[in-house]
Amino acid sequence: MPLDAIPAPVRKPIPRGQLLINGLWRDARDGATMVTTDPTTEAEITTVARASAADAEAAIAAAYDAFETGPWSRMRHEDRAKILFRMADLLDDRVDDFAIREAMDMGMPYRDFCDVIMPHCSGLFRFFAGQAMAHMDGAYRTSYESNIRILTRREPLGVVGAITPWNFPLALTCSKIAPALAAGNVVIHKPASDTPLTALALAQVALDAGVPEGVYNLITGPGGVIGDALVKSPRVDKIAFTGSTSVGMNLIRNGADTVKHQTMELGGKSPNIIFADANMEAALQAAFWGIFWNKGEVCVAGSRILIERSIYDEFVERFSALARDAVLGDPLDPKTQLGPIATKSEYEKILGYVEEGKRTARLTAGGGAPKIGGKGLFIEATVFADASNDLRISQEEIFGPVVPLIPFEDEEDAIRLANATTYGLASGIQTSDLGRALRLADRIKAGTVWLNTWHKYHPNAPFGGYKMSGYGREQGAEALENYTQYKTVWANLG
Ligand code: NAD
């Protein structure tokens with residue numbers, strides 16, 4: 001169907017948000033609230049509860065009690081799976097509500113949410129429901145002595161605190177909650193304060209699907225206060241974190257006193273290597289969407305484009321032309337490719353990098369911050385040519401629609417530049433030489449390598465970082481390792 005024929009969804013009133021503790025929606029104890037705003041209209045959307053440390057303690061107590069005395073961790077895997085499959089179905093049924101919330105709250109294009117994000121989110125619940133049924137059972141092993149049997153059990157960790165960022169609010173929550181619940185843990189979710197709206201709707205989905213009281217708790221409030229309460233509590237067994245490397249480092253330090261299990265999904269500055277033998281049209285598309293999807297507010301954005309010298313000038317020209325044609329607009333409009341930047345502070349930070357880029361490289365596209373209908377935190381798709389890999393715009397995570405184009409000489413040079421970063425989240429190689437693609441994939445220090453593509457995801461594909469991009473894996477059967485522990489029982493048969 002042509003895009004013009006699709007009716008655009010419309011903004012709608014969103015009820016005020018409360019905390020979900022022990023199966024009940026309630027206000028913060030002191031009645032405090034915070035505002036969430038729409039980056040397209042710059043108007044207030046609604047208010048949500050602003051929890052204090054006392055609310056966090058109440059959630060921890062409820063979760064702890066639900067784990068110790070409730071049915072969830074002892075339930076048959078099949079029964080837990082049924083509830084998770086129901087959550088998946090409810091997510092699909094409510095896609096329109098979720099997509100409008102994400103568009104209003106963080107500027108994610110409605111179509112991208114419906115086409116990519118929601119199928120992935122409901123897929124995560126289905127995938128982990130199945131995984132838990134297949135892999136949570138124990139094993140029976142023999143020992144050196146014939147009368148001794150060894151039984152191994154795989155058990156949940158207990159209370160999981162999930163702390164998530166504002167850039168893919170629903171997807172990054174589901175990638176934690178689905179494996180955590182499937183393995184029999186109980187959860188406390190702390191979403192980013194700027195983007196709580198889909199978290200509220202997901203918690204309601206959990207209630208409607210029949211997750212028992214206390215098993216799923218939601219606390220909205222300031223990261224420092226709530227995050228601190230979760231990571232320092234001896235009754236919280238694990239923190240599953242996605243966010244910036246600096247906050248991740250803080251959590252690692254604060255978790256030391258209680259020897260907290262932690263997984264860290266942190267920042268990135270991912271290289272996209274374009275060889276001269278690549279299919280130029282396909283490479284341009286991979287590079288364009290690699291950096292500009294979700295307006296560059298993507299941890300795995302291809303935010304350093306490395307181009308073989310012999311095609312550098314042609315690539316710069318054609319890529320910059322594509323960037324100049326990028327369609328900015330209301331994320332609810334089906335024609336929009338780049339919505340607004342999610343928050344005012346990020347918008348200002350990105351514009352600071354644009355100014356830095358103008359001083360240190362050659363601006364070939366974008367650089368502006370237009371208003372649409374007089375409003376909105378929009379930043380144009382911005383390209384800097386003749387950039388070197390050691391510039392700030394080439395090394396620091398801009399987390400917006402801004403990209404440096406860096407020339408390289410040969411394979412060795414490409415690998416050297418690709419790995420010359422403190423991060424190691426994702427990477428890509430565009431070439432028609434499959435041997436070269438696989439050879440280089442072995443040598444890139446990153447958790448994901450995309451060959452002749454970008455932005456491919458699946459619940460079955462492990463995802464996570466090397467180096468300062470973090471540790472632990474989300475998605476794939478491997479993720480269950482981060483939500484379970486093994487117990488060994490020695491039995492003397494006499
Ligand atoms: P952030 O680190 O500022 O915040 C993430 C979460 O941590 C939020 O919920 C925030 O409230 C909370 N928080 C803040 N201070 C805290 C503290 N002292 N203790 C505990 N929690 C605290 O990150 P952000 O700006 O929301 O998100 C952008 C960052 O997330 C980028 O660096 C991006 O690369 C990263 N990210 C990584 C991945 C990945 O999978 N590796 C995915 C998406 C985003």
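Throughout, numbering of the chain's residues begins at 1 and tracks the sequence. Indexing begins at 1, ligand by ligand and atom by atom, following the structure's order.
Where the criterion is an N or O separation shorter than 3.5 Å, residue side chain and backbone included, I163 fails it with respect to ligand 1. Checked by distance only, ligand 1 and K190 come closer than 3.5 Å through their nitrogen or oxygen atoms. In terms of polar-atom proximity, defined here as any N/O pair under 3.5 Å, T164 does make such a contact with ligand 1. Considering backbone and side-chain N/O atoms, S244 comes within less than 3.5 Å of an N/O atom of ligand 1. When only interatomic distances are considered, the shortest N/O to N/O separation between T242 and ligand 1 does not fall below 3.5 Å.
With a 4.0 Å cut-off on non-hydrogen atoms, E397 touches ligand 1 through its side chain and not its backbone. Neither the backbone nor the side chain of P222 has a heavy atom within less than 4.0 Å of ligand 1. Proximity of L251 to ligand 1, defined as any heavy-atom pair under 4.0 Å, is confined to the side chain (atoms from C-beta onward). Counting heavy atoms closer than 4.0 Å to ligand 1, residue L425 contributes side-chain atoms (C-beta onward) but none from N, CA, C or O. No part of F168 comes within 4.0 Å of ligand 1, judged by heavy-atom distances. Only the backbone of L266 comes within 4.0 Å of ligand 1, judged by heavy-atom distances. Contacts with ligand 1 closer than 4.0 Å are made by side-chain heavy atoms of N250 only, the backbone lying farther away.
Residue G465 places no heavy atom under 4.0 Å from ligand 1. By the 4.0 Å heavy-atom criterion, A192 is counted among the residues contacting ligand 1.
When G243, S270, G267 are ranked by how near their heavy atoms come to atom 35 (C) of ligand 1, first place goes to G243. For atom 15 (N) of ligand 1, the choice among T343, V247, L172 with the nearest heavy atom turns out to be V247.
Of all atoms in ligand 1, numbered sequentially from 1 with element shown, those under 4.0 Å from a heavy atom of W166 are 24 (P), 25 (O), 26 (O), 27 (O). If you number the atoms of ligand 1 from 1 as listed, the ones under 4.0 Å from a heavy atom of F463 come out as 40 (O). Near N167, meaning under 4.0 Å from any of its heavy atoms, are these atoms of ligand 1: 43 (C), 44 (C). The contact set between ligand 1 and P191, taken as ligand atoms under 4.0 Å from a residue heavy atom, comprises 9 (O).
Taking the ring axis of Y483 as reference, the NZ or CZ atom of K238 stays within 45° of it and closer than 6.0 Å to the ring centre.
Heavy-atom minimum distance, N217 versus A63: ND2-CB, 3.6 Å. Considering all non-hydrogen atoms of both residues, S52 and D30 come closest at CB-OD2, 4.5 Å.
Between R101 and D105 no salt bridge is recorded (no basic side-chain N to carboxylate O distance below 4.0 Å).
For the residue pair S175 / E474, a side-chain donor-acceptor distance below 3.5 Å is found, with atom types taken as modelled. Side chains of S469 and K467: a donor-acceptor N/O pair is absent below 3.5 angstrom, by distance only. A donor-acceptor contact closer than 3.5 angstrom is absent between the side chains of T343 and D194. With 3.5 Å as the limit, one finds a donor-acceptor pair spanning the side chains of D27 and Q18.
The presence of a protein heavy atom under 4.0 Å from atom 4 (O) of ligand 1 is ruled out.
Rounding to the nearest 0.5 Å gives a distance of 7.0 Å between NZ of K260 and CG of D237.
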Practice task
For the pair R154 and Q485, evaluate side-chain contact (heavy atoms from CB on, under 4.5 Å) and give the outcome as yes or no after the intermediate values.
Solution key: CA-CA 6 Å; R154 194 171 186 183; Q485 53 198 341; over 6 Å; no
